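A quick note: this is a predicted structure, and the numbers were derived from the prediction, not measured. Hydrogens, waters and symmetry mates play no part in the numbers below; they use all other heavy atoms, side chains included.
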Amino acid sequence: MLFTELRFLGFFALIFTLYWLTPRNGLRKLWLLIASYAFYAAWDWRFLSLILISSVVDYAVALAMTGRGGRIRRLLLAASLVTNLGILGFFKYFNFFVASAADFSHWLGLPLPLHSLEIVLPLGISFYTFQTLSYSIDVYRGHLQPTQSPLDFALFVSFFPQLVAGPIMRASEFLPQLDSKRFFGDVAVRRYLLLFLLGFVKKACVADHVARVVDAVFASPEAYGAAGKWLASLLYSLQIYCDFSGYSDMAIACAGLLGYRLVDNFAFPYLSTSIREFWRRWHISLSTWFRDYLYIALGGNRAGSLRVAGNLCAVFLLCGLWHGASATFVIWGLYHGAFLVFERLVPTSRLPRPLAHLYVLLVVNLGFVIFRAPDLTSAFDFVRDMFDWTAALPAAAGAAAEPGWWWLLLGFGIVHTLLCRQSLERRLARVPDWAFALGLGAAVALVMPWVATGYQPFIYFRF
Amino acid sequence: MKSAARPLLLVALSLSAYFGVAAGLRQYIPLPEGYDLRSKYEIFAAHRDDYDAVYIGSSHFFRAFRPDVIDPLLSRPGRSFRSFNLGMAGMGSFETDALLDRVLALVPARLSWVVIEVPSWAPRLGWQFRHNTERSVSWHTPRQTATALVSLQRMTDAPLASRLETARDHLWLLARWQANLGRGPRLWQGCCVALSAEQREARRVLLESGGYQSLEQLESEHFLRRRWRFLAKLDVYRDQLRQAQRTRTPQPGPSPSYNLAALESQKRRVAQAGARAVYTVVPALLRNATTREAVGGYLTELIDLSAPDRYPELYSPENRFDEGHLSESGAATFSRLFAMELGALMQDAAAAAPGEGR
């Protein structure tokens, strides 16, 4: 069930109505938990068991840590890490490591009879695993008191708006919100309705249309020249941003309409002037997770330059691997890590602002070619061809776009710019309720014709 | 109470704005480009007050009615008769009915005769509608969807699961129609893209021919292959003809599963627009004969030219393009016979109501 599907709107309307009609906080939370499990089961009910295992283990581990000494706490944390990372490792990385080991042994001249398994990747496993891990680590570090309520913890792990693709919440941010009953009067309904619509447009109207052009070029790159490849790579940067930030917007809006606040996941990342800043604006909940639980644990910025460089590369290698079990993601992570190291040596603050923007766009864009390509050879060929202007191949990658679509993109750009400067929200705040209601209805009617039809799952569902 | 009324009022306002804007946008979405659907309708709309009759139906109609033959035969001194062929490939009963609604909504000043292919109201989505195409969305108006669902409900011999699946498909297409979902590119073409020189020329040709186009004129390998296949298997065709003659047993009344209410509604709407519906069966060996059997003797204003024993010339191979369609010469013969039948109806109408009519 995608946020952009008609059936999700029906599902959410039911949850929303019953939630706000339910008088007691405990019952509301129970209703949300049932709804969250139903939401997940709509994809594959079998993998609900993994969420339950994660929830039970981390709830129990955190409670058991209370009042225990350092050694036992360490053992309990290890149990949580082994369980969560074990499940993640098996479902996500088993085949990758088996294939890599087989390749390596073959290279050594000692071929091992290793076989891969037919494993289905459970939806959202990387997201909820990191979320539960953060809880155990926070309790272990003494930053958080473990919750006594199994219902609260189960809801924290499985809350449907952010269950399958984040934002990755911290227990310290979410659990306190469950303590008290939410009041509808406190909900910024206008803001969240607008945010949902914006996310919907990003995903259904922009990302899914862009996907047609991008897919056409990446499917047969040999048919396109440098200009076509540049266009496809730039459009892919737009696609992945609109796809993922669109999902995050809709997730935040759904949670917001139920009275819960999720953390922001994107902050106009393509306006960054350095790769360091880019990672403060892109997938914020993941980058802060890696910063807080890995980078700082490795010594952070306090170690020597060489160690910091090594830490950055290690963190980004794992960040790449988090995205998927493939060499392209590993290289993509290392590529970003390398630029972060580079920026420590040559700060981009010395560059004029337009040049710094251009630098970030170029680095990120080339990085996304590696991210999108099916394998490393295709990625390097694609990047090489982007700089080969001698081949007389057609540049008309944009021909795959539907009529009028470029104008739609322009309109979206203008609205996005207004949102970036926050002038749209300021202006809308002065609009009376009846005019907002009319405007919203009209805006939805204007948006619907531009929805790309056909099933297009969110890119980050794969991770 | 007051606090509950306010959000409900705002939701109602929002919904009205949504439905209003969606309906407004829909006016600018043209009919689909393929099959001459858009061009034929727009030609008719541009000359709506020039025509006395229109022919609406599938490709059997498209390739059978020749206004250049019919019009001179039905013209009288001082009163010319003009007709337009709105037949289109693959157009079934519901799409025909939706097109009829569009035609009647134009309030054509002279339109007196609406010649319609006998509708089967078969609710299964045909080959041209299976893939959730713009064409399938374009006729899924609330009226057509409701009619399809009623027809589906009457198909008691079909398994329930299959009927539910078809109902779901119809409802999804209605939802797409209502929301104009994914129809932005069509909307853009309808209001912002001028016709190309090639399209303008194709429309000029269609206007001159009154909407008729023979299959021979189409330089398409697909149709040529069909023609060759037909000519190569004439023995099979003759067997089919003999079979059709043997099994021609008209029923006294419509079959119980036939959606008679939809047929009545169609006739009523035509009558309300000041015209008369004339149902016609063109000579083809495919589905329309079985449809005629389903309706039985119910239709009084029926021009049935599908009997191989009564109209053998319409079935002779030289007058046919294939089993289902007439050739250019066959269409001329058919059109002459049709003009005689319609002329008789016109005379009856004039005799029944002297001094009336348009």
Looking only at B:Ala179, B:Gly24, B:Ala175, most heavy-atom pairs under 4.5 Å shared with chain A are made by B:Ala179
Which heavy atom of B:Ser14 sits nearest to which heavy atom of A:Ala437, and what is that distance? OG-O, 2.8 Å
Which pair of heavy atoms, one from A:Leu438 and one from B:Leu13, lies closest together, and at what distance? CD2-O, 3.6 Å
Considering all heavy atoms, the nearest A:Ala445-B:Tyr18 contact: CB-O, 3.4 Å
Heavy-atom side-chain proximity of B:Arg6 to A:Asp433 below 4.5 angstrom: yes
Nearest heavy-atom neighbours spanning B:Ala17 and A:Ala442: CB-N, 3.9 Å
Assert top hit (heavy-atom pairs under 4.5 Å, partner chain A, pool B:Ile29, B:Leu25, B:Leu181, B:Leu187) equals B:Leu181
B:Leu15 versus chain A, the contacting section by heavy-atom distance below 4.5 Å: neither
So does A:Phe16 have more than 12 non-hydrogen atoms from other groups sitting under 6.0 Å from CZ? yes
